[in-house]
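See structure below.
The sequence lines fix the lettering, A, B, ..., with proteins before strands; numbering per chain opens at 1. Source: prediction; values computed, not measured. Just so it is clear, the values below take in all heavy atoms, side chains as well, and ignore hydrogens, waters and symmetry mates.
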Number of protein chains: 2
Amino acid sequence: MATEPRLTRAADPNGRSVSVKDVAAAAGVSLGTVSNVLNRPEKVLPATRDHVLAVIDDLGFVRNDAARQLRAGTNRAVGMIVLDVRNPFFTDVAQGVEERLGEHRRPLILGNSGQDARRESTYLDLFEEQRVSGLLITPVGQVLPRLRRLRDRGTAVVVVDRRAGTREFSSIAVDDKRGGRIGAQHLIDTGRRRIAFVGGPKGLSQVKHRLQGAQEVVDATVGAQLTFVETPTMDAVAGRRAADQLVALGKRSRPDAIFAANDLIALGVLQALTFAGVRVPDDVAIMGYDDIDFAASAAIPLSSVRQPREQLGRVAADTLLDVIADPGAKVRDVVLEPELVVRRSTVG
Amino acid sequence: MATEPRLTRAADPNGRSVSVKDVAAAAGVSLGTVSNVLNRPEKVLPATRDHVLAVIDDLGFVRNDAARQLRAGTNRAVGMIVLDVRNPFFTDVAQGVEERLGEHRRPLILGNSGQDARRESTYLDLFEEQRVSGLLITPVGQVLPRLRRLRDRGTAVVVVDRRAGTREFSSIAVDDKRGGRIGAQHLIDTGRRRIAFVGGPKGLSQVKHRLQGAQEVVDATVGAQLTFVETPTMDAVAGRRAADQLVALGKRSRPDAIFAANDLIALGVLQALTFAGVRVPDDVAIMGYDDIDFAASAAIPLSSVRQPREQLGRVAADTLLDVIADPGAKVRDVVLEPELVVRRSTVG
DNA sequence: CTGAAAGCGCTTACAG
DNA sequence: CTGAAAGCGCTTACAG
């Protein structure tokens, strides 16, 4: 690459960075005027403004946000803590959030708890120390006291992908119990009776409710039974391990359908079953959950319970923006509806 | 959920948040002592320290990071800008980075350019204003001047997934030209001669080099030809559209192999071909790139050029930490090797 | 519209 | 080891 001329000098020889003071001096105006150009340009004469802007550009001045924040007392950024960034479900939700926030010129800082309460706590510390204006969180651990403290400190809090379980915070969720029912009912309707529900940990609200929904349907069906295979995480590896366990039960006692708590698990299950020579769906049907894009392109396209991912993200962002604008806004408890998507993994 | 007792009061009735001053007053020590407990606990008598810590906990004090940063002049956080957060390749790399940084108690702030130079620029603004201690970036636009300015301001910069193209910055890349060669050679070796390379935009370094590598192999093979189908993005939708175009050429003039610039495109191509009744690999072979986890679980498992994703992330993080520790550290130009992974999409 | 002054909440020498 | 004082770089009234 050709060497380009040094257009800027963002730091003087001492490495000290250019400050508003330097800009003011170079432009021959006062410090307050520079700040006005930055924050309320309409209050400055066009000629002055353009001149200051030119100097800013020339010196390579970039405002120190820590100083701005300390004085102004506001941080425009929004923090988001997701359960697993490697799960496309969450990046799709985050995408929806980012879009909406971007329209309001608010940066999104993404944190990944990886379903680990300690990492979740570390991100809460970070966001609390940073005094972010808003927080979107899909909780893992017992974070209610932390969320209350954040709120008391002025941070807007919205719970994503599960209900808040309290009237104190708005939440945007999808009806997991209903999703569990829909998925299980489809398996029953297609003749399955011995269903294994794979997912976990069971302390996770989403897993618990999906399982409950499935249980209800099975309980209402004579001759049907549901077993729960708990996994430590919700990824393909966990799915493969659980499937291996089920295959080891032998042809007679293994289930005739597996309902996975999410698609990543379902994809792992599918791989393990195929590897073990179990035919899908002939021998064992597989139902996924989320309907991530990869579900449709799987070796045996996955039937799944679709969650409106982008909508979840957009509504969450909108709700958060409302709370930021008015902390006293009415608490919302939005519950979106899941939808059955039938593909080859359940119907040959 | 049961109502829990309010254990903390992070803000007084005015909403003003608890400061070190309040802690000092409540603990009956001076302000400097509180700061010492926070930053150099070993310099404070254990009894005093424990007492102050108890008060901190009691009052729900959380340090204001903006103030800390302004005074201390350091921000422990590291920023990372990826091309596409919805591409598992990048979340896998980010995972590797996050692991390493976590060991050093440094938070990772993830930004998504979505292959858009304007969004990339917005994140650069954010990270520059925040004075992050380090930046990991897979560039889209012409960011060299910006990177220089960040470096001059004291931010460590490391380029990820492509070479820096200058000796000014360390970079961790995978040999894309070699990857292009490996993939194309395999297609040639399995008898393909009319290869379409699908990806884009061609301004993207990775695409350019992979294409160059493929071109070299094709040029060295009598009777072989390579066409380039440029796409605006690198996702499944782009792959489907490109494949539709190729299918429309008719049986006689369509390619007998498609080399996709990444696996998402390859998965899209696979879907469109299957939908159009084109047999894979009998009629058309498909070669992907990256070897994301989903490549192996595709309808027709994808052959792919594997990139060492986690390693890329770990080495990038390590290099960045080195530059943060010593800005004068020798510039590294690490190039990792890609590896061919053969599956059914190229060999029936 | 412009300019001088105060102060946001910390950390860091520095004196005791 | 502890405490009083200065100052990081901004923004915000406030007076001119």
>> On DNA chain D, does the nearest nucleotide to B:Leu70 precede the nearest nucleotide to B:Asn36 from the 5' side, or the other way round? Give the residue.
In response: B:Asn36
> Once you round it to whole Å, what is the distance between P of D:dA4 and NZ of B:Lys21?
Replying inline: 13 Å
> Within this structure, what is the CG-to-P distance between A:Asp65 and C:dC8, rounded to whole angstrom?
Replying inline: 19 Å
> Are any non-hydrogen side-chain atoms of B:Gln130 and B:Ile109 less than 4.5 angstrom apart?
Replying inline: yes
>> B:Val160 and side-chain contact (heavy atoms from CB on, under 4.5 Å): which single residue from B:Thr138, B:Ile81, B:Val82 fits?
In response: B:Thr138
>> I want to confirm an ordering. Mapping B:Gly28 and A:Gln69 to their closest nucleotides on DNA chain D, which one lands closer to the 5' end?
In response: B:Gly28
> Looking at A:Ser35, does any N or O in its side chain come under 4.0 Å of the phosphate oxygens OP1/OP2 on D:dT12?
Replying inline: no
>> Below the 4.0 Å mark, does C:dC8 have OP1 or OP2 next to a side-chain nitrogen or oxygen of B:Arg71?
In response: no
> In whole angstroms, how far is the C1' atom of D:dT12 from the CZ atom of A:Arg68?
Replying inline: 13 Å
>> I need the CZ-C1' distance between B:Arg63 and C:dT12, as an integer number of Å.
In response: 14 Å
>> Tell me whether the side-chain N/O atoms of A:Thr33 come closer than 4.0 Å to OP1 or OP2 in C:dG3.
In response: yes
> Tell me: CD of A:Glu42 to C1' of C:dC1, nearest whole Å?
Replying inline: 12 Å
> Rounded to whole angstrom units, what separation is found between the NE2 atom of B:His51 and the P atom of D:dT2?
Replying inline: 12 Å
>> Just the rounded figure in Å: distance from C1' of D:dT11 to CG of A:Asn75.
In response: 15 Å
>> Counting only side-chain heavy atoms from C-beta out, which of C:dC10, C:dT2, D:dC10 sits nearest to B:Phe61?
In response: C:dC10
> Does a side-chain heavy-atom distance below 4.5 Å link A:Leu312 with A:Asp161?
Replying inline: yes
> With a 4.5 Å heavy-atom cut-off, do B:Arg63 and B:Leu38 have their side chains touching?
Replying inline: yes
> Looking at A:Asn64, does any N or O in its side chain come under 4.0 Å of the phosphate oxygens OP1/OP2 on D:dC10?
Replying inline: no
> For C:dT12, does either OP1 or OP2 sit under 4.0 Å from a side-chain N or O belonging to B:Arg40?
Replying inline: yes
> Can you tell me how far the CZ atom of A:Arg40 sits from the OG atom of A:Ser35, to the nearest 0.5 Å?
Replying inline: 6.5 Å
> What is the base-pairing partner of C:dA4, counting Watson-Crick and G-U wobble geometry with both distances under 3.5 Å?
Replying inline: none
>> If you assign A:Val44 and A:Leu31 each to the DNA chain C nucleotide with the nearest heavy atom, which residue ends up on the more 5' nucleotide?
In response: A:Val44
> D:dC10 P sits how many Å from B:Glu128 CD, rounded?
Replying inline: 12 Å
> Hey, does A:Asn39 reach any base, or is it just sugar-phosphate, or nothing, if we go heavy atoms under 4.0 Å?
Replying inline: sugar-phosphate
